[in-house]
There are 2 protein chains.
Amino acid sequence: MKKFSSRYSIAVHILSLIALSPASCTSDFIAESVNTNPVIIRRIIGMLKKAGLVHVRPGTGGTYLQKGLDEITLLDVYRAVEVADNGNIFNCHEETNPRCPVGANIESVFRTKMVQAQSAMEQELDHVTLKQLVSELKEKSGSI
Amino acid sequence: MKKFSSRYSIAVHILSLIALSPASCTSDFIAESVNTNPVIIRRIIGMLKKAGLVHVRPGTGGTYLQKGLDEITLLDVYRAVEVADNGNIFNCHEETNPRCPVGANIESVFRTKMVQAQSAMEQELDHVTLKQLVSELKEKSGSI
DNA sequence: TCCGTTGTAACTATAATGATTACATCGAGA
DNA sequence: TCTCGATGTAATCATTATAGTTACAACGGA
């Protein structure tokens, strides 16, 4: 199947870099760490900006977190870059046959279950702050 | 972003139909309730068969559940039709810069968090059996 | 044997993703 | 003020998953 795009992991990567070295974070620098094109980085930063997570000074730039590291959760980042129209990650086929007892009711029953499952996932994401994640990165790298 | 395909909801639809009226379940009949092409149905039934959830008699057909209704959970169905190579729904960008403290460690840290979130979702799916779901369908439709 | 059904292959259209080039614009510093 | 480095964004392209459709071989009960 189709997974989530790598936008999400890249967004977390970007925010971690900003948290650790706010000075030198140009899109070129970040792109080198992520190993992709600077435009990809700028696009994702644009989403993070729109979500109010970072502030960017145009021109000779500079990107800063707009909240504290412990105020940003993985759910915030997820919502910033992986937004479906209504937020539901589970698709349900529509326009089923209304004269069939299953076709008439499958959508509402199925959706209810999926909302519960998705909520469970999002709660997990909401429990992890960027602060925790960055401190784990520091541990692993030993330095910095 | 990209949602899960509608294969999943269609698979649940198919299994519900089989549970309710095992006799008349040809792919044409099911396709009419789902409102799609019979080939789509046959493809999905093929996946359910491969997962050991149903048994199909070729030729002048007939499709039957291979387990009890209360032995099949929404997680079983999910795994039958929405399988990613390694089962992970969250993608992580790879080949990051190993000389960067973030690039070198982001993948393992990120993956750990995502596995937890995904597990929470799958546990929810595992708690719902087809039996429950079908009984809710019956309630809603009043009849059958 | 006949006919309805399944099992698949092949093809098309659509959409999301990721990469890339190009360029207008901004703003700090010389 | 002018230059230069950086951002913001449009446009294009290749790749991939999904969904729909046609076509046809093969199966098996009546």
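These figures come from a predicted structure and were not determined experimentally. Numbered from 1 within each chain, the chains take letters A, B, ... in sequence-line order.
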Report yes if at least one side-chain N or O of [X] is closer than 4.0 Å to OP1 or OP2 of [N]; otherwise report no.
X	N	value
K49(B)	dG7(C)	yes
S5(B)	dA17(D)	no
T26(B)	dG4(C)	no
S27(B)	dT6(C)	yes

Exercise. With D70(B), which residues qualify under side chain to side chain donor-acceptor pair (under 3.5 Å), at least two apart?
Worked result: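 So D70(B) forms no side chain to side chain donor-acceptor pair (under 3.5 Å) with any residue.
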For this session: Please list, chain by chain and in numerical order, all residues satisfying side chain to side chain donor-acceptor pair (under 3.5 Å) with N91(A), sequence neighbours excluded.
Result: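 By the side chain to side chain donor-acceptor pair (under 3.5 Å) rule, N91(A) matches no residue at all.
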Problem set entry | Pairs involving residues 106-123 of chain A, ordered by first then second residue, that meet salt bridge (Lys or Arg N to Asp or Glu O under 4.0 Å) (sequence neighbours left out) |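 Matches after skipping sequence neighbours: R79(A)-E122(A), E94(A)-R111(A), E107(A)-R111(A), K113(A)-E136(B).
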For this session: Taking atom types as modelled, find out whether T129(B) and E71(B) have a side-chain donor-acceptor pair closer than 3.5 angstrom.
Result: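 Looking only at side-chain atoms, E71(B) and T129(B) do not form any donor-acceptor pair under 3.5 Å.
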Give the rounded distance in Å between these two atoms: [atom1] of [X] and [atom2] of [N].
X	N	atom1	atom2	value
I30(B)	dG4(C)	CD1	P	19 Å
I44(B)	dT8(C)	CD1	P	15 Å
H55(B)	dT5(C)	NE2	P	18 Å
I14(B)	dT6(C)	CD1	P	11 Å
I41(B)	dT18(D)	CD1	P	16 Å
F4(B)	dA19(D)	CZ	P	13 Å
I18(A)	dT7(D)	CD1	P	10 Å
D28(B)	dG20(D)	CG	P	15 Å

What donor-acceptor contacts under 3.5 angstrom involve side-chain atoms of residues 11-20 of chain B, with partners at least two apart or in another chain?
{"unit_1": "H13(B)", "atom_1": "ND1", "unit_2": "H93(A)", "atom_2": "NE2", "d": "2.9"}
{"unit_1": "H13(B)", "atom_1": "NE2", "unit_2": "S33(B)", "atom_2": "OG", "d": "2.8"}
{"unit_1": "S16(B)", "atom_1": "OG", "unit_2": "V12(B)", "atom_2": "O", "d": "2.8"}

Exercise. How does protein contact run along nucleotides 19-30 of chain C, one letter per nucleotide 5' to 3', with B for base contact, S for sugar-phosphate only, - for none, heavy atoms under 4.0 Å?
Worked result: BBBB---BB---
For this session: With sequence neighbours excluded, give me every side-chain hydrogen bond (donor to acceptor under 3.5 Å, both in side chains) pair touching residues 39-50 of chain A.
Result: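 Output for this query lists S27(A)-R42(A).
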Problem set entry | T73(A) OG1 to L133(A) CG distance, which is reported to the nearest 0.5 Å |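 It comes to 11.5 Å.
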